[in-house]
Asker: 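The following block contains the structure, expressed as structure tokens.
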Protein chains: 2
Amino acid sequence: MSDVAALAGVSKMTVSRVLAGRGVAPATRERVQLAIDELGYVADAAAGALSSGRSAFAAVFVPSLASSNFSDTVRGLTSALEPHGLQLLIGDTDYDLEREERLVRSMLRHQPRCIALTGAQHTPATRELLVRSGVPVVEMWDLPATPIDAAVGFSNAKAAREMVRYLTGRGYRRIGFLGGASELDRRGMERLKGYLQEVKAQGMGEPRVVRLGESPITMSHGAPALEALLQQWPDTDAVMCVSDMSAFGAIMQCHRRGLSVPGDIAIAGFGNFEMAACCSPTITTVSVDAYGIGTRTGETLLAALAESDGAARHASARTSTRKSVKIDYTVIARESA
Amino acid sequence: MSDVAALAGVSKMTVSRVLAGRGVAPATRERVQLAIDELGYVADAAAGALSSGRSAFAAVFVPSLASSNFSDTVRGLTSALEPHGLQLLIGDTDYDLEREERLVRSMLRHQPRCIALTGAQHTPATRELLVRSGVPVVEMWDLPATPIDAAVGFSNAKAAREMVRYLTGRGYRRIGFLGGASELDRRGMERLKGYLQEVKAQGMGEPRVVRLGESPITMSHGAPALEALLQQWPDTDAVMCVSDMSAFGAIMQCHRRGLSVPGDIAIAGFGNFEMAACCSPTITTVSVDAYGIGTRTGETLLAALAESDGAARHASARTSTRKSVKIDYTVIARESA
DNA sequence: TTGAAAGCGTTACCAC
DNA sequence: GTGGTAACGCTTTCAA
């Protein structure tokens with residue numbers, strides 16, 4: 001920066017102002033810009049962060065980057081935050097709360113301006129770290145009973161109940177559920193809960209649940225899960241899957257067995273992945289705007305940042321937003337159920 | 001840090017050493033650790049980076065986080081770099097070289113220790129920025145004629161030729177190609193090039209190419225692309241798709257039309273996505289180890305870092321690795337072709 | 001094994 | 001509109 005200042009015949013402060021886009025005389029600004037280009041100068045973000053006391057980072061934690069659900073959410077977040085000069089620090093927790101805690105701990109070293117994480121469940125230490133960090137926090141993809149700060153999501157249980165009601169509305173009464181075996185996928189567990197609640201509420205008798213494979217259940221688990229279901233309850237007339245992935249696997253297995261979908265058995269998914277609209281038959285599913293969860297989360301965080309800036313200026317106390325943004329979902333009726 | 005030092009009755013330097021895991025007497029170390037825990041102290045990475053002159057960031061640029069190909073590569077990179085304390089800064093270029101340039105420019109402000117990017121094509125300014133940055137650079141997913149520094153990838157054209165040879169080996173002679181319409185997906189263009197080369201080499205007559213939809217072609221373009229192909233060349237006996245995504249769309253369209261795959265028409269994909277093994281029929285494809293590209297890239301970068309550390313210690317000149325790592329691929333014969 | 005001082009490259013703050 | 005100075009919170013370096 002000194003070099004640039006010298007070449008332009010100004011002080012470092014003026015260079016700093018040019019870079020920040022503050023009030024500088026047009027002529028001066030141009031000279032400085034020329035010097036910057038000539039030297040190929042790139043300002044050091046670390047120095048800026050240290051000096052100003054504010055980084056340009058936002059941290060986000062997702063269970064998996066491999067799921068299009070969460071990569072869409074990350075893209076949405078990026079689209080909301082990048083225009084404000086925030087660089088995303090992405091942590092892939094691999095559905096592991098301990099790993100989430102380690103990642104949060106290491107991310108906090110970078111002093112992120114705000115934090116987004118997935119789900120309502122975290123280790124006590126994670127919660128403590130987040131609260132102590134003093135930055136805006138949004139939990140996504142769920143509506144926690146006791147949010148850390150704000151939340152952007154929906155009730156996975158209610159959404160699942162709606163799908164069961166859709167199926168019963170189409171006349172299906174012997175409805176099975178396919179999901180993952182482990183408890184790690186909290187959203188999946190909520191959907192199972194919703195299924196069980198609705199089956200009970202409608203007096204549909206014994207629930208027909210198959211849980212197979214690590215959570216979240218993958219495409220390839222769909223086939224064996226369907227087999228297990230049909231073996232235990234051969235008269236099943238509809239299957240609700242924890243995600244479109246497993247629904248797809250189940251449908252492909254029906255092809256192999258020569259079962260017609262939905263003629264012999266109806267199959268529904270969850271998430272409205274790209275494949276659901278493309279598969280033959282097209283898959284009936286619950287549509288959730290994953291990208292929108294990202295953008296809404298970004299907006300919520302930006303609002304909290306703006307507010308805390310204002311608060312700082314007015315020397316008032318730190319504001320806690322504690323807002324819950326409810327995300328819409330809809331059952332999309334397609335061919336498979 | 002001063003607070004921690006005061007509470008532990010030591011100097012800041014000792015606290016710093018404890019955090020860095022350097023030589024500190026066990027008793028002292030324990031006292032300091034206690035103070036850290038008590039105060040919930042989190043070291044500031046920006047200050048550390050500024051002071052030491054080295055950040056803990058690695059930058060990676062991918063065309064899209066939505067593609068499982070690239071998210072797998074990112075996961076592989078993470079697995080290689082995270083254990084070395086490097087935090088990934090991920091840039092989603094959206095297949096846009098101008099956007100890549102902007103992202104590189106803004107990433108460089110964070111002084112990444114090393115950089116990975118996708119493909120061989122970049123704007124001149126991007127190349128210049130990367131070279132001037134002086135940090136190790138790896139280009140992934142391709143083998144550039146003139147790499148910026150090092151490369152980890154394979155020849156998409158050769159891989160495509162191998163698939164054509166596989167198909168002709170199975171007796172197919174009237175082979176079509178489905179791909180995206182735009183030039184942005186360089187890897188896709190290379191695959192098309194390979195197809196054209198092999199069709200010519202084997203004297204198979206007029207190439208049967210359908211290019212449809214933005215690149216990279218999605219699942220939903222597979223169906224209309226197949227229709228267009230069959231309309232123009234009704235006697236086509238095999239279709240090679242630029243990716244498993246479009247192959248899937250094409251296969252589903254065959255289901256709808258009552259065409260048997262591969263009985264009436266064979267269909268092959270590229271990439272060995274999860275769905276390829278799960279679809280009915282299972283999809284013949286070219287398997288590429290996307291995750292491995294990430295880990296190999298990480299290892300290449302780490303080696304370059306270690307070397308440049310050594311070089312610094314020996315006061316020798318900056319080393320340029322200029323290594324090309326060739327990634328294996330194989331045609332996986334499955335049911336669809 | 002530990003400590004003191006000097007700086008890293010920027011921005012906040014206050015003069016001019 | 002511009003410049004000087006003092007931090008920001010660490011690590012490097014050197015000395016004890």
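Labels below follow one simple rule: chain letters A, B, ... track the order of the sequence lines, proteins then strands, and each chain is numbered from 1.
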Asker: Let me spell it out: for each of B/V10 and A/G48, pick the nucleotide of DNA chain C with the closest heavy atom. Which residue's pick is nearer the 5' end?
Answerer: B/V10
Asker: For the pair made of NZ in B/K12 and P in C/dT2, what is the distance, rounded to whole Å?
Answerer: 18 Å
Asker: Can you confirm whether the side chains of B/S79 and B/Y291 place a donor and an acceptor under 3.5 Å from each other?
Answerer: yes
Asker: Tell me: CZ of A/R22 to P of C/dC14, nearest whole Å?
Answerer: 15 Å
Asker: Regarding A/R54, tell me which of base, sugar-phosphate or nothing describes its non-hydrogen contacts under 4.0 Å with the strands shown.
Answerer: nothing
Asker: For the side chain of B/V24, starting at C-beta, report the closest nucleotide among C/dA12, C/dT2, D/dT11.
Answerer: C/dT2
Asker: Give, for atom CG of A/L89 and atom CD of B/Q87, the distance between the pair rounded to the nearest 0.5 Å.
Answerer: 5.0 Å
Asker: Measure CE/B/M13 against C1'/D/dA16 and give the value in whole Å, please.
Answerer: 15 Å
Asker: Kindly assign one of parallel, tilted or perpendicular to the pair B/F57 and A/F57, based on the angle between their ring planes and the thresholds 30° and 60°.
Answerer: tilted
Asker: For a quick check, tell me whether the side chain of A/S52 and the base of C/dT11 share a donor-acceptor pair closer than 3.5 Å.
Answerer: no
Asker: Counting side-chain heavy atoms from C-beta on, which of D/dC8, C/dG3, D/dG4 comes nearest to A/S11?
Answerer: D/dG4
Asker: Starting from the C-alpha separation in whole Å, work towards a yes-or-no answer on side-chain contact (heavy atoms from CB on, under 4.5 Å) for B/T126 and B/L97.
Answerer: CA-CA 9 Å; B/T126 302; B/L97 297 184; over 6 Å; no
Asker: Are the charged groups of A/E82 and B/R99 less than 4.0 angstrom apart, N to O?
Answerer: yes
Asker: Take the protein atom CD of A/E30 and the nucleotide atom P of D/dT2, then report the distance between them rounded to whole Å.
Answerer: 13 Å
Asker: Kindly point out which of C/dT2, D/dC8, D/dC10 is positioned nearest to the side chain of A/L50?
Answerer: D/dC8
Asker: Using whole Å, what does the distance between atom P of nucleotide C/dT10 and atom CZ of B/R109 come to?
Answerer: 9 Å
Asker: In whole Å, what is the span from the NE2 atom of B/H110 to the P atom of C/dT10?
Answerer: 14 Å
Asker: Taking atom C1' of C/dC14 as reference, at what distance in whole Å does atom CZ of A/R17 sit?
Answerer: 11 Å
Asker: For the helix from C/dT1-D/dA16 to C/dC16-D/dG1, how many degrees between its two end axes (five pairs per end), to the nearest 10°?
Answerer: 20°
Asker: Determine whether a donor-acceptor pair (N or O, by modelled atom type, separation under 3.5 Å) exists between the side chain of A/R17 and the backbone of A/R22.
Answerer: no
Asker: Under the 3.5 Å rule, do the base of D/dG1 and the side chain of A/R29 count as making a donor-acceptor pair?
Answerer: no
Asker: OG1 of A/T93 to CG of A/L117: how many Å apart, nearest 0.5 Å?
Answerer: 9.0 Å
Asker: Under 4.0 Å between any heavy atoms, over every strand shown, what does A/S2 touch: base, sugar-phosphate, or nothing? Just pick one.
Answerer: nothing
Asker: Looking only at side-chain N and O atoms, does B/S16 come under 4.0 Å of OP1 or OP2 in D/dT11?
Answerer: yes
Asker: Could you tell me whether A/E101 and A/R105 have a side-chain N and a carboxylate O separated by less than 4.0 Å?
Answerer: yes
Asker: Base, sugar-phosphate, or nothing for B/A20, non-hydrogen atoms under 4.0 angstrom?
Answerer: nothing
Asker: OP1, OP2 of D/dT2 versus side-chain N and O of A/T28: anything below 4.0 Å?
Answerer: yes
Asker: Verify the contact: side-chain N or O of A/T14 to OP1 or OP2 of D/dG3, cut-off strictly under 4.0 Å; return yes or no.
Answerer: yes
Asker: So what does B/G53 hit on the nucleic acid, given a heavy-atom distance under 4.0 Å: a base, only sugar-phosphate, or nothing?
Answerer: nothing
Asker: How close or far is atom P of C/dG9 from atom CE of A/M1, stated in whole angstroms?
Answerer: 11 Å
